[in-house]
Amino acid sequence: MKQLLMAIVAMAAAGCLAEGRSLFNGKDLEGWDTAPGWWWVEDGALTSESTEAKPCKACNYLIWKGGQPKDFELTADFKLSKEGNSGLQIRSEPRPNWDTYGFQADMTGDGGLVGFVYHHKHGLIAGRGEDVTLDAEGKRVVTKLGDPAELLKAYKIEDWNHYRVVCRGPVIETYVNGVKMCRFTGGKDDAKGGLIGLQMHPGPPMKVQFKNITLNEFAD
């Protein structure tokens, strides 16, 4: 964590990052748009939960209303039940009924998809431990970044974890608890701005929480 903070300070001092802003006030849903009844604040964290009595039958997202950033660093603390599935939606387009379409820094409660980059059109496009580049034909060219099992040791099941997502140009990088998980380099069409959202996923009963959400946009 100390190395991560030092890196952020160094980047800001060099004029790479604009001054960051908090996206969540810790008290209510001000600044966010949500499907009625699916998101609230609990113990100072943005929270969503499905149960046997109230199953989630389709994805819905808590969508930040403050803009559609393109080149940025997004950080958030998250906690997910072991059976859960969620993610940080980035560079995405809006869809009806609080749905989205675009990139996601993925996560599952058991850790299986933690650190992956997902896209609604292409699926899981960069796995933990992969450095992925799309060639001229749109095919994945994969270089090993690290051992997926070793990287997963940084993740704490059913506890608070820290996600950091860096988007600059066509590149997306994910970090969990200060450990680099994957890197994805797409084409020029992948570098556009878009919505930020927090996912509530259909499936078995689950609970997901987010707090300390901060956005730092790269200065031109």
Could you walk me through whether His162 and Asn177 pass the side-chain hydrogen bond (donor to acceptor under 3.5 Å, both in side chains) test, one step at a time?
-> CA-CA 5 Å; His162 184 75; Asn177 295 328; over 6 Å; no
Take Glu93 and Tyr101, measure what side-chain hydrogen bond (donor to acceptor under 3.5 Å, both in side chains) needs, and give me the verdict at the end.
-> CA-CA 5 Å; Glu93 302 170 9; Tyr101 179 88; over 6 Å; no
Could you check Arg128 against Asp106 for salt bridge (charged side-chain N to carboxylate O under 4.0 Å, His left out), going step by step and ending with a plain yes or no?
-> CA-CA 10 Å; Arg128 188 173 53 253; Asp106 213 339; over 6 Å; no
Go through Trp32 and Glu30 one step at a time and tell me if the side-chain hydrogen bond (donor to acceptor under 3.5 Å, both in side chains) criterion holds.
-> CA-CA 6 Å; Trp32 296 83; Glu30 181 182 358; over 6 Å; no
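Gln209 and Thr47 share a side-chain donor-acceptor pair at under 3.5 Å.
Within 6.0 Å of NZ on Lys156 lie more than 12 heavy atoms contributed by other residues, nucleotides or ligands.
By the ring-ring contact (aromatic ring centres under 6.0 Å, His included) test, Tyr163 pairs with Phe78, sequence neighbours left out. Listed by chain and residue number, nothing satisfies the ring-ring contact (aromatic ring centres under 6.0 Å, His included) test with Phe116 (two or more places apart in sequence, or in another chain). The ring-ring contact (aromatic ring centres under 6.0 Å, His included) test applied to Tyr155 returns no partner, not counting sequence neighbours. The side-chain contact (heavy atoms from CB on, under 4.5 Å) check on Thr51 picks up Glu49, Ala53, Lys54, with sequence neighbours excluded. With sequence neighbours excluded, the residues satisfying ring-ring contact (aromatic ring centres under 6.0 Å, His included) with Phe103 are His119, Phe184. Here Glu130 pairs with Val132, Arg140, Val142 under the side-chain contact (heavy atoms from CB on, under 4.5 Å) rule; sequence neighbours left out.
Residues Glu173 and Arg164 are not paired through a salt bridge, judged by the lack of any N-O separation under 4.0 Å between the basic side chain and the carboxylate. Between Lys79 and Glu158, no side-chain nitrogen of the basic residue sits less than 4.0 Å from a carboxylate oxygen of the acidic one, so the salt-bridge criterion is not met. The pair Glu42-Lys207 counts as a salt bridge, with a side-chain nitrogen and a carboxylate oxygen less than 4.0 angstrom apart.
By the criterion of side-chain heavy atoms lying less than 4.5 angstrom apart, applied directly or through intervening Ile, Leu, Val, Met, Phe, Trp or Tyr residues, Met200 is not grouped with Ile63; the two fall into different hydrophobic clusters.
Note that CG of Leu74 is 9.0 Å distant from CH2 of Trp64, once rounded to the nearest 0.5 Å.
In plain terms, the two heavy atoms of Leu195 and Gln68 that are nearest each other are CD2-NE2, 3.7 Å.
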